[in-house]
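All remarks here apply to the structure that follows.
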Amino acid sequence: GLGASFLQLTLFTNTNTATLTALKFSLTHPGVTAVKLYREAANAGWSLNDDSLVGTAVTSFTADRLGTFLGLNETLTTAAKTYYLVVSLSATATPGQTVAITLLNNTYLTVLSPDSLNSFSVGSSPVTITDVPDIGTVTSYDNAPTHLGQGSGAAFLHLTLSTTDSVTLN
């Protein structure tokens with residue numbers, strides 16, 4: 001899916017510039033399929049149409065649910081820049097469970113030496129995963145024979161059932 005903004009970061013320097021090269025994050029739920037990093041362009045909150053995707057989406061996570069944006073080249077200055085961590089869930093993520101994203105401390109952001117970052121710990125609020133309506137579609141094909149002899153049998157109707165995302169029909 002398109003995803004939802006889970007965490008907003010405002011980054012700036014006290015003097016001169018610094019270059020952000022990596023950003024690591026921790027997830028609380030295995031049902032996340034991708035996390036994307038966007039830089040705000042329109043100063044109006046996260047917008048898929050207005051903001052700039054930074055780097056490549058992270059789609060693989062370690063066993064303990066860590067992900068890292070590598071190869072960033074974001075110049076930070078004394079003028080604040082806003083970034084958004086945007087999370088996309090699997091269509092089979094478990095309804096009722098929660099998902100959150102965290103940057104545990106300043107080692108989760110990497111800047112080029114000799115620059116450094118102040119201490120911090122940030123995280124989103126837990127978000128409850130909800131089920132979305134699934135639609136079952138039945139298509140049929142008339143398979144009835146023209147004639148059927150006494151005492152014999154035949155398939156009269158061929159049915160195909162297809163569903164959206166995560167439905168199970170019994």
* Apart from Leu148 itself, what residues make up its hydrophobic cluster, given side-chain heavy atom links below 4.5 Å? -> Phe156

* Taking Tyr83 as the fixed residue, which of Thr10, Leu7, Val54, Leu23 is the one that meets the side chain to side chain contact (heavy atoms under 4.5 Å, CB included) rule? -> Val54

* Structure fact -> So CZ of Arg39 and CD of Glu74: to nearest 0.5 Å the spacing works out to 4.0 Å

* Asked: Taking all non-hydrogen atoms of both residues, which atom of Leu157 and which atom of Asn143 are closest, and how far apart?
  -> N-CB, 3.9 Å

* Can you label the angle between the Phe25 ring and the Phe61 ring as parallel, tilted or perpendicular, going by 30° and 60°? => perpendicular

* **Donor-acceptor pair, side chain of Glu40 and main chain of Asp51, under 3.5 angstrom** => no

* **Cluster check Leu117, Leu104: I/L/V/M/F/W/Y, side chain < 4.5 angstrom** => yes

* Asked: Would you say Thr77's side chain and Ala79's backbone share a donor-acceptor pair under 3.5 angstrom?
  -> yes

* **Pairwise side-chain contact, Leu37 with Leu72, heavy-atom cut-off 4.5 Å (strictly under)** => yes

* To do: Group every Ile, Leu, Val, Met, Phe, Trp and Tyr by side-chain heavy-atom contacts under 4.5 Å, then state whether Leu66 and Leu20 land in the same group.
  => yes

* If you look at every heavy atom in Ser140 and Leu159, which pair is closest and at what distance? -> CB-CD2, 3.6 Å

* To do: Might you work through the side chain to side chain contact (heavy atoms under 4.5 Å, CB included) test for Thr21 and Leu112, ending with a clear yes or no?
  => CA-CA 7 Å; Thr21 60; Leu112 290 178; 3.6 Å; yes

* Structure fact -> Here the gap from Thr82 atom OG1 to Trp46 atom CH2, rounded to the nearest 0.5 Å, amounts to 15.0 Å

* Apply side chain to side chain contact (heavy atoms under 4.5 Å, CB included) to the pair Asn105 and Ser121, showing each step before the final yes or no. => CA-CA 5 Å; Asn105 58 46; Ser121 178; 5.5 Å; no

* Asked: Are Leu70 and Leu76 linked, directly or through other ILVMFWY residues, by side chains that come within less than 4.5 angstrom of each other?
  -> no

* To do: Any ring pair (Phe, Tyr, Trp, His ring centres under 6.0 Å) involving residues 92-133? Give me the pairs, sequence neighbours left out, ordered by first then second residue.
  => none

* At what distance, to the nearest 0.5 angstrom, does OG1 of Thr28 lie from CD of Gln97? -> 9.5 Å

* **Interatomic distance, Thr128 atom OG1 to His29 atom NE2 [nearest 0.5 angstrom]** => 10.5 Å

* To do: Report yes or no: do Asp64 and Thr62 form a side-chain donor-acceptor pair below 3.5 Å?
  => yes

* Structure fact -> OG1 (Thr139) and NE2 (His158) are apart, to the nearest 0.5 Å, by 7.0 Å

* Does the side chain of Asn73 reach to within under 4.5 Å of the side chain of Thr19, using non-hydrogen atoms? -> yes

* Asked: Is Lys24 reaching over with its side chain to a backbone N or O of Thr110, donor-acceptor style, under 3.5 angstrom?
  -> no

* Asked: Is the backbone of Thr102 close enough, under 3.5 Å, to the side chain of Ser26 for a donor and an acceptor to pair up by distance?
  -> no

* Asked: Distance-only, no hydrogens or angles: does the Ser90 side chain make a donor-acceptor pair with backbone N or O of Thr92 under 3.5 Å?
  -> yes

* Asked: Does some side-chain heavy atom of Leu89 sit less than 4.5 Å from a side-chain heavy atom of Val32?
  -> yes

* Asked: Going through the distances and angles, do Val35 and Phe69 end up as a side chain to side chain contact (heavy atoms under 4.5 Å, CB included)?
  -> CA-CA 9 Å; Val35 177; Phe69 293 97; 4.0 Å; yes

* To do: Take Leu109 and Val111 through the side chain to side chain contact (heavy atoms under 4.5 Å, CB included) test and state the conclusion after the steps.
  => CA-CA 7 Å; Leu109 291 175; Val111 293; 5.7 Å; no

* To do: Could you tell me which non-hydrogen atom of Tyr84 sits nearest to which non-hydrogen atom of Ser5, and how far apart they are?
  => CD2-OG, 3.3 Å

* **Residue pair Pro126 / Ala100: nearest heavy atoms and the distance that separates them** => CA-CB, 4.0 Å

* Do the side chains of Thr13 and Asp115 get nearer than 4.5 Å, heavy atoms only? -> no

* Asked: Which pair of non-hydrogen atoms, one from Gly149 and one from Ser152, has the smallest distance, and what is that distance?
  -> O-OG, 2.5 Å

* Asked: Heavy atoms, side chains only, cut-off 4.5 Å: are Thr94 and Ile129 in contact?
  -> no

* To do: Kindly compute the distance separating NZ (Lys36) from OG1 (Thr56), expressed to the nearest 0.5 Å.
  => 10.5 Å

